[in-house]
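Everything on this sheet refers to the single structure shown next.
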There are 2 protein chains.
Amino acid sequence: MKRKITLKQIARELDVSISTVSKALRNSPEISADTKQKVQAFAKLYNYRPNNIALSLKNRKTNTIGIIIPEIVHHFFSKVIRGVELVANKRGYNVIIGLSNESFSKEVINMEMLANGSIDGFILSISKETLQLQDYHHFNETMSQGMPIVMFDRVVSDINCDKVIVNDFGGAKSAVEKLITNGCKSIALITTKDYVSVGKLRTQGYMDALNDAGFELESELILKLDDKLDYEVHLDALENEIEHLFKSNKSVDGVFAVNELYALSAMKVARKLGLEIPKDIQVIGFTDGVLSKHSTPSLTTVSQHAQVMGEKAADLLINRLETEHNENEDETYQTVVIETDLIERKSTK
Amino acid sequence: MKRKITLKQIARELDVSISTVSKALRNSPEISADTKQKVQAFAKLYNYRPNNIALSLKNRKTNTIGIIIPEIVHHFFSKVIRGVELVANKRGYNVIIGLSNESFSKEVINMEMLANGSIDGFILSISKETLQLQDYHHFNETMSQGMPIVMFDRVVSDINCDKVIVNDFGGAKSAVEKLITNGCKSIALITTKDYVSVGKLRTQGYMDALNDAGFELESELILKLDDKLDYEVHLDALENEIEHLFKSNKSVDGVFAVNELYALSAMKVARKLGLEIPKDIQVIGFTDGVLSKHSTPSLTTVSQHAQVMGEKAADLLINRLETEHNENEDETYQTVVIETDLIERKSTK
DNA sequence: TTGTACGCGTTATCAT
DNA sequence: ATGATAACGCGTACAA
């Protein structure tokens with residue numbers, strides 16, 4: 001087992017100084033052709049590569065991006081990562097990931113871990129617990145130490161930094177407008193409790209669309225579900241709530257759900273109650289998932305372009321990292337809004 | 001904007017030497033209570049944290065794991081990552097990811113990038129292109145430089161290293177046995193071409209089960225699909241092939257598919273042909289996806305326990321990193337086999 | 001009890 | 001044309 005070779009070893013082996021080796025390898029005109037030739041051949045033979053860690057220390061630049069997300073087993077987030085990774089690699093950066101698992105303390109710990117020199121900047125989406133606690137000190141501290149942050153999707157206006165968000169309001173609104181255009185007269189909303197900003201915005205889009213169309217807003221048609229009912233676990237409870245909604249509002253002929261799972265559950269319950277999709281009831285989900293395409297019937301969705309979000313976030317961060325910022329130049333941050341697309345499938349007419 | 005504080009700055013500020021500060025912070029008995037108190041208070045005030053990069057350089061240990069996977073937008077791989085991250089964090093390691101995107105050259109480049117000091121060891125799953133080319137020099141080179149590798153799922157016997165694999169053979173066999181027990185008389189197999197080892201093993205499990213039960217092996221019942229037909233893209237082509245299989249073998253009353261998408265497509269085609277599931281035809285998929293649970297009917301699957309694989313791989317790697325290896329001790333590698341579970345849902349009787 | 005010197009691997013600057 | 005030195009930030013063996 002041969003350890004990785006260093007400049008020092010090459011220097012000793014060829015009986016020259018370390019700096020000569022360094023210069024020869026970087027093709028410095030200071031060095032004679034002879035020596036260059038000799039050193040480069042030797043280096044190639046032993047497959048010399050400069051040590052990243054030493055370079056990072058010297059340059060005070062790691063060329064690594066830290067990404068903190070609440071959950072990786074989630075189509076939306078993994079697509080964002082793919083986008084980040086794509087751009088980062090293209091521009092010479094690595095990506096290191098930290099999972100907050102929706103927990104405030106894990107978010108804080110992970111960020112502290114990475115902020116101590118391991119990375120040049122963060123791309124992150126805030127955990128639910130942090131949003132509930134509204135404790136953002138760790139973001140401010142990180143930034144005040146000169147480490148830039150780009151937030152995506154789950155952002156808060158309290159923090160001053162670059163952001164990439166989806167047009168949640170507009171996407172939701174146009175989805176509901178689609179249902180209205182398709183003839184729906186009584187449209188239900190299945191959403192989450194309000195503390196996650198994106199949920200709130202989507203709810204507003206729903207309301208605005210109804211309002212514009214001159215519909216009455218009926219609070220019984222709005223189902224606000226607890227987040228604990230998310231994902232795999234309490235599928236039954238989820239379906240029960242939806243079933244109750246349908247049963248007490250028999251006229252419902254359209255459903256807008258703020259995520260894929262809610263939309264699928266709605267379809268499942270509808271089928272169970274003997275309703276035909278899209279004849280009797282039409283469904284649209286806000287999502288970036290895989291389920292929609294393969295469900296029966298396939299689900300019409302509002303696409304969030306997660307990968308584009310990741311790419312954009314990475315570009316924003318790297319641009320900021322590589323732009324010379326004078327000390328007393330007042331930093332101006334931008335918020336990029338990604339427009340959604342309505343992908344029409346078989347759950348709407 | 002205050003930059004991160006260093007030992008040197010604290011030393012200058014308090015008018016002591018750097019090493020005094022260092023010792024005081026590590027609570028060395030060499031230092032007087034007074035000085036310790038003073039230094040620690042100051043450090044706390046300025047929120048001092050040692051620089052990871054400097055520590056890595058000094059200790060020649062990064063406490064970071066590199067993970068190379070073919071694709072991140074994939075339920076199986078993201079679950080593995082979650083497992084790795086869980087264990088890594090618990091044991092004081094960070095995780096840095098590289099995506100090969102199923103490409104040989106990207107796999108090589110990514111590994112070289114990380115191997116130059118950024119990480120202590122690799123956890124990886126081989127890309128399809130690499131498996132086709134059978135070019136494994138980059139793995140051997142990495143290991144010969146003293147950097148350990150743990151492979152998972154897609155492994156090759158040519159390489160001598162720790163491995164974590166699924167019991168593909170056994171899982172497939174018991175799935176097919178289940179179909180037989182449930183009364184199936186004519187069981188089709190939908191699989192991929194053979195160069196991906198896991199596909200081959202699952203095919204063997206299928207054949208073994210049939211053999212044990214005294215069934216005739218009928219080659220028309222085996223559908224070997226091109227990998228290019230995978231995933232999102234050529235869904236139609238996929239379904240056409242399956243439809244052709246069903247139409248030319250009307251007696252088929254059971255299907256074993258080596259992945260989730262194939263299984264779902266089989267169900268879709270079956271429904272289209274007027275077959276009832278599971279009454280007329282039963283289906284089982286080998287998978288770790290989200291689709292199974294939410295399909296109609298929900299799909300009986302062979303669970304691979306992806307997260308456990310990740311956890312196990314991380315433990316293997318970290319154990320090796322932290323065990324003192326004498327120079328001339330012949331290393332002995334282990335292969336951990338994760339047993340599968342049959343998750344019975346509505347696509348079987 | 002405190003400080004000095006050294007080394008991790010690299011590059012830039014200055015001296016020879 | 002080549003080499004010595006300092007510096008990035010840290011910890012530790014050794015000296016004072």
Side-chain angles (χ1 to χ4, degrees), chain A residues 2-40 42-43 46-64 114-120 145-147, chain B residues 2-40 42-43 46-64 114-120 145-147:
Chain A
K2 46 173 187 192
R3 287 203 76 80
K4 290 231 64 167
I5 197 167
T6 67
L7 289 185
K8 188 196 277 193
Q9 292 168 50
I10 299 182
R12 190 171 18 187
E13 211 67 35
L14 297 181
D15 208 44
V16 290
S17 78
I18 296 180
S19 42
T20 302
V21 176
S22 175
K23 286 171 186 165
L25 289 177
R26 325 190 91 244
N27 235 319
S28 158
E30 293 180 36
I31 305 295
S32 72
D34 272 24
T35 328
K36 270 192 215 169
Q37 153 68 18
K38 192 175 56 172
V39 172
Q40 288 174 0
F42 191 91
Y46 282 89
N47 195 29
Y48 169 80
R49 293 274 183 282
N51 180 309
N52 288 332
I53 295 293
L55 288 180
S56 296
L57 183 59
K58 174 139 192 54
N59 302 330
R60 289 140 135 204
K61 178 114 173 48
T62 62
N63 273 266
T64 300
L114 297 184
N116 297 321
S118 300
I119 61 162
D120 296 333
Q145 288 175 350
M147 178 159 302
Chain B
K2 47 175 184 191
R3 287 204 78 80
K4 291 229 64 167
I5 198 168
T6 68
L7 287 186
K8 188 198 275 193
Q9 293 167 48
I10 299 182
R12 190 171 18 188
E13 211 67 36
L14 298 181
D15 209 44
V16 290
S17 80
I18 296 180
S19 57
T20 302
V21 176
S22 174
K23 287 171 185 163
L25 289 177
R26 325 193 93 246
N27 237 318
S28 158
E30 294 180 33
I31 305 296
S32 72
D34 272 23
T35 327
K36 270 193 214 170
Q37 154 68 19
K38 193 175 57 170
V39 171
Q40 289 175 356
F42 191 91
Y46 283 89
N47 195 30
Y48 170 80
R49 295 274 183 283
N51 180 310
N52 288 333
I53 295 293
L55 288 179
S56 297
L57 183 59
K58 177 148 192 45
N59 303 331
R60 288 140 136 206
K61 177 114 174 44
T62 63
N63 273 262
T64 301
L114 297 184
N116 297 323
S118 301
I119 60 160
D120 296 332
Q145 289 175 351
M147 177 158 305

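Computed over heavy atoms, backbone and side chain alike; hydrogens, waters and symmetry mates excluded. Numbers restart at 1 for each chain; the letters A, B, ... are given by sequence-line order, proteins then strands.
- The side chain of A:Tyr48 places no N or O atom within less than 4.0 Å of a non-bridging phosphate oxygen (OP1 or OP2) of C:dG9.
- When all heavy atoms are compared, the tightest approach of B:Arg49 to A:Asn116 is CB-OD1, 3.1 Å.
- Distance CZ (B:Arg49) to P (D:dG9): 17 Å, rounded to an integer number of Å.
- Judged by closest nucleotide on DNA chain C, B:Pro29 is the one of A:Arg26 and B:Pro29 placed further toward the 5' end.
- Within 4.0 Å (heavy atoms only), A:Ser56 reaches no atom of the nucleic acid at all.
- For the pair B:Lys4 (side chain) and B:Pro50 (backbone), a donor-acceptor distance under 3.5 Å is absent.
- Shown here for A:Ile119 and A:Met147, the closest heavy-atom pair between the two residues is O-CE, 3.3 Å.
- B:Ser32 has a side-chain polar atom (N or O) that falls below the 4.0 Å cut-off from OP1 or OP2 of C:dT2.
- A:Glu30 places no side-chain N or O within 3.5 Å of a backbone atom of A:Lys23 that could act as its donor or acceptor partner.
- When the P atom of D:dG9 is taken as reference, atom CD1 of B:Ile5 falls 12 Å away, rounded to whole Å.
- Donor-acceptor pairing under 3.5 Å, judged by distance alone, is present between the side chain of A:Lys23 and the base of D:dG3.
- Residue A:Thr6 is in sugar-phosphate contact alone, with no base atom involved, counting any heavy-atom pair closer than 4.0 Å across all strands shown.
- Distance, A:Asn59 CG to C:dT11 C1': 8 Å, rounded to whole Å.
- Side-chain N/O atoms of B:Thr20 include one lying less than 4.0 angstrom from OP1 or OP2 on C:dG3.
- The closest side-chain heavy-atom distance from B:Leu7 to B:Leu25 is below 4.5 Å.
- Counting distance only, with no hydrogens placed and no angle test, the side-chain atoms of A:Lys58 and the base atoms of D:dG9 include no donor-acceptor pair under 3.5 Å.
- Residue B:Leu7 has its side chain nearest to D:dG11 when only D:dC8, D:dG11, C:dT10 are considered.
- Residue B:Thr35 has its side chain nearest to C:dT2 when only C:dG3, C:dC14, C:dT2 are considered.
- The side chain to side chain donor-acceptor pair (under 3.5 Å) test with A:Ser118 is passed by exactly one of B:Asn52, B:Thr62, B:Asn51: B:Asn52.
- Note on A:Leu57: a base of the nucleic acid sits closer than 4.0 angstrom, heavy atoms only.
- Among the protein residues, A:Ser19 comes within range of the nucleic acid bases, having at least one heavy atom under 4.0 Å from a base atom.
- Note: CG (B:Asn27) to P (C:dT2) measures 14 Å, nearest angstrom.
- Computed from coordinates, the A:Ile53 CD1 to C:dT11 P distance equals 14 Å when rounded to whole Å.
- Note: CG (B:Asn63) to C1' (D:dC10) measures 15 Å, nearest angstrom.
- Taking atom CZ of A:Arg60 as the reference point, atom C1' of D:dA7 lies 9 Å away to the nearest angstrom.
- Nearest-nucleotide positions on DNA chain C place B:Lys36 closer to the 5' end than the other of B:Lys36 and A:Leu55.
- Rounded to an integer number of Å, the gap from A:Ile18 CD1 to C:dC8 P is 9 Å.
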